[in-house]
Structures are given as C-alpha cells and as structure tokens.
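Down below is the structure, laid out as structure tokens.
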Amino acid sequence: MTQIVYTVYWENKRDEVRKKHGSFKSEEAAMEGIKSWWELQKEHYKDPHFERTNTGALEVEYLQDDDNYVYRIEKEEIEGHLPSTSYKLLTEGEITATRQKYALEEEQYLFDELAEPYRDRLIVAMNDAKKAKSYVYDQRGRMIRPLSD
C-alpha cells in the first residue's frame with residue numbers, strides 16, 4: 001500500500017548537509033513537528049519565512065539574517081505505513097539495566113526517564129516512537145547522542 005507523506009528535512013545549503021527529522025500525514029503535522037523541535041531546543045524564531053519551491057516543497061527559513069539554514073517539507077510517496085507513535089515505558093529495572101549497559105552518566109537520560117511533556121514533544125517532533133527511544137537526552141529532552149553499543 002502506498003501513501004503520501006510529508007517529510008521534514010533540516011538543511012544547511014552552504015555545506016550541503018541534509019538531515020531527516022521525520023515523516024508526517026500532513027504538511028500541518030510536519031509544521032507542528034518543527035515547532036515542537038524548536039520548543040525542545042529552547043529556540044525562539046521571530047517570523048519564520050515560508051516559501052513554496054518550484055518542486056512544491058515548503059521551505060521554512062527561520063534565521064532572519066541567514067537563508068543557508070532551512071527546514072524543508074517535501075511531499076513523498078512511500079510504501080507501507082508511517083512509524084508508530086505509541087510506546088510502552090520501560091520498568092524501573094529495565095531502565096537501570098539499560099543505563100548500566102550503555103554506561104550513561106547521571107545527567108544523561110533515556111527517553112523513558114524524561115518528563116511526560118518532553119516525551120510528548122519528542123513524539124510530535126519525530127513522529128516515530130522507536131526513533132525517539134533510540135537517543136540519549138539531557139534532562140530537558142534535548143538530544144545528546146544516539147543510544148548505541
């Protein structure tokens with residue numbers, strides 16, 4: 001089954017860096033994902049500029065004096081379904097074991113240890129519970145690094 005999704009990318013045009021944030025059911029949901037990301041990062045941008053490109057993508061220029069950095073929402077057709085946004089929290093024992101396994105420091109947190117508002121914003125920003133659970137965060141829900149062996 002194919003479906004249309006709206007995928008958010010962050011781009012640094014000058015250095016040709018492109019990072020995928022997540023795919024969403026609608027362009028509006030993709031914008032909410034960007035705004036949730038900004039909230040988590042404690043970034044406040046006044047009057048972001050929205051521009052529709054020739055390809056139909058929506059570019060969000062958020063820095064007033066630098067158009068090299070943009071969020072880009074592209075309409076794409078995918079096979080299958082969007083990732084699930086539902087998740088089950090780890091038990092206290094599972095959290096302790098995971099923290100030991102990855103040798104996390106005291107100021108590093110698993111998704112499951114974050115306060116609910118931060119978890120909620122991460123799910124809105126990424127639209128993928130599995131991806132959200134695959135990172136290490138600071139106390140305020142900002143990504144530190146991938147959770148890896």
Side-chain angles (χ1 to χ4, degrees), residues 1-90 95 98-99 101-102 104-105 107-149:
M1 174 185 115
T2 63
Q3 67 174 318
I4 300 296
V5 298
Y6 296 84
T7 303
V8 175
Y9 297 94
W10 174 84
E11 293 184 358
N12 174 336
K13 293 181 178 182
R14 179 180 33 241
D15 297 332
E16 297 181 4
V17 175
R18 180 175 163 113
K19 295 181 181 180
K20 182 178 178 178
H21 272 247
S23 295
F24 301 83
K25 288 186 179 186
S26 69
E27 199 170 67
E28 293 77 19
M31 271 308 307
E32 286 303 312
I34 293 169
K35 290 175 184 175
S36 287
W37 184 253
W38 290 346
E39 285 178 28
L40 282 165
Q41 303 307 309
K42 302 292 186 215
E43 297 171 349
H44 305 284
Y45 300 108
K46 294 181 180 179
D47 303 319
H49 176 71
F50 301 89
E51 186 172 320
R52 186 75 59 188
T53 67
N54 291 339
T55 63
L58 181 63
E59 284 193 349
V60 182
E61 295 175 2
Y62 56 96
L63 297 175
Q64 297 294 326
D65 55 348
D66 193 347
D67 62 356
N68 284 305
Y69 303 97
V70 299
Y71 284 91
R72 185 177 171 94
I73 302 172
E74 296 181 2
K75 184 177 180 180
E76 301 174 342
E77 188 172 318
I78 64 166
E79 192 67 36
H81 300 284
L82 287 171
S84 175
T85 57
S86 64
Y87 59 89
K88 180 181 176 250
L89 293 175
L90 297 175
I95 289 172
T98 304
R99 289 186 65 77
K101 177 181 178 182
Y102 293 106
L104 296 182
E105 297 175 17
E107 66 278 353
Q108 297 175 328
Y109 295 84
L110 298 170
F111 174 85
D112 305 79
E113 297 177 290
L114 296 173
E116 188 174 1
Y118 296 125
R119 291 193 313 258
D120 290 348
R121 285 189 193 106
L122 284 164
I123 294 298
V124 170
M126 294 181 190
N127 204 44
D128 182 344
K130 187 175 180 180
K131 182 178 178 182
K133 290 184 83 137
S134 69
Y135 286 92
V136 175
Y137 300 92
D138 71 8
Q139 185 177 9
R140 293 169 44 198
R142 296 177 295 198
M143 270 186 211
I144 296 174
R145 63 178 172 81
L147 183 65
S148 60
D149 290 322

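- Between the side chain of Gln64 and the backbone N or O of Lys46 there is at least one donor-acceptor pair closer than 3.5 Å.
- Minimum interatomic distance between Tyr62 and Pro48 (heavy atoms only, all atoms of both residues): CA-CB, 4.2 Å.
- Atom CD of residue Glu11 and atom CG of residue Asn68 lie 11.0 Å apart, to the nearest 0.5 angstrom.
- Atoms OG1 and CD, from Thr2 and Glu77 in turn, are 4.0 Å apart once rounded to the nearest 0.5 Å.
- Arg119 places no side-chain N or O within 3.5 Å of a backbone atom of Ala132 that could act as its donor or acceptor partner.
- Within 6.0 Å of atom CD in Glu16, 12 or fewer heavy atoms from other residues, nucleotides or ligands are found, so the atom counts as exposed in its surroundings.
- Within the 4.5 Å cutoff, side-chain heavy atoms of Leu63 are placed close to those of Tyr45.
- Within the model, atoms CG of Leu82 and OH of Tyr6 stand 11.5 Å from one another, a figure rounded to the nearest 0.5 Å.
- When all heavy atoms of Leu114 and Leu122 are compared, the pair lying nearest together is CD1-CD1, 3.5 Å.
- Side chain of Arg145 to backbone of Tyr137: no donor-acceptor contact under 3.5 angstrom is found.
- Of the charged side-chain nitrogens involved, at least one lies within less than 4.0 Å of a carboxylate oxygen, so that Glu74 and Arg18 count as a salt-bridged pair.
- The shortest side-chain heavy-atom distance between Glu113 and Thr98 does not fall under the 4.5 Å cut-off.
- Taking each heavy atom of Glu107 and Ile144 in turn, the nearest pair found is O-CD1, 4.3 Å.
- Looking at Gln3, its side chain does come within 3.5 Å of a backbone N or O of Gly80 through a donor-acceptor pair.
- To the nearest 0.5 Å, the span separating CD on Glu32 from CD on Glu39 amounts to 8.5 Å.
- A heavy-atom distance below 4.5 Å is not found between the side chains of Leu90 and Phe111.
- Side-chain N/O atoms of Tyr69 and Arg14 include a donor and acceptor closer than 3.5 Å.
- When every heavy atom of Met126 is checked against every heavy atom of Tyr135, the shortest pair comes out as CE-CD1, 4.4 Å.
- The two atoms that bring Gly141 and Leu40 nearest to each other are O-CD2, 3.8 Å, heavy atoms only.
- In terms of heavy-atom proximity, Met1 sits nearest to Glu79 at N-OE2, 2.9 Å.
- Two residues are said to be in side-chain contact when any heavy atoms from C-beta on lie closer than 4.5 Å; Met31 and Val60 meet this criterion.
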Would Glu51 and Val70 count as a side-chain contact (heavy atoms from CB on, under 4.5 Å) here? Give the steps.
CA-CA 10 Å; Glu51 186 172 320; Val70 299; over 6 Å; no
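- Side-chain contact between Tyr102 and Val136 is absent, with no heavy atoms from C-beta onward closer than 4.5 Å.
- Between Leu58 and Phe50, some side-chain heavy-atom pair lies under the 4.5 Å cut-off.
- For the atom pair CZ of Arg121 and CZ of Arg140, the computed distance is 10.5 Å after rounding to the nearest 0.5 Å.
- Summarising the geometry, atom CD belonging to Glu105 is positioned 9.5 Å from atom CZ belonging to Arg99; distances are rounded to the nearest 0.5 Å.
- A 6.0 Å sphere centred on NZ of Lys88 holds no more than 12 heavy atoms belonging to other residues, nucleotides or ligands.
- Here the side chain of Lys131 pairs a donor or acceptor atom with the backbone of His21 at under 3.5 angstrom.
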Test side-chain contact (heavy atoms from CB on, under 4.5 Å) on Met143 and Trp37; report intermediate values, then the result.
CA-CA 10 Å; Met143 270 186 211; Trp37 184 253; 3.7 Å; yes
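- Checking side-chain atoms of Lys19 against main-chain N and O of Asn12 turns up no donor-acceptor pair under 3.5 Å.
- Heavy-atom neighbours of Gln139 CD from other residues, nucleotides or ligands within 6.0 Å: at or below the threshold of 12.
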Using side-chain contact (heavy atoms from CB on, under 4.5 Å), reason through Ile34 and Trp10 one step at a time and then give a plain yes or no.
CA-CA 9 Å; Ile34 293 169; Trp10 174 84; over 6 Å; no
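- In this structure the side chain of Asn127 never reaches within 4.5 angstrom of the side chain of Val8, judged on heavy atoms.
- Within the 4.5 Å cutoff, side-chain heavy atoms of Ile123 are placed close to those of Tyr87.
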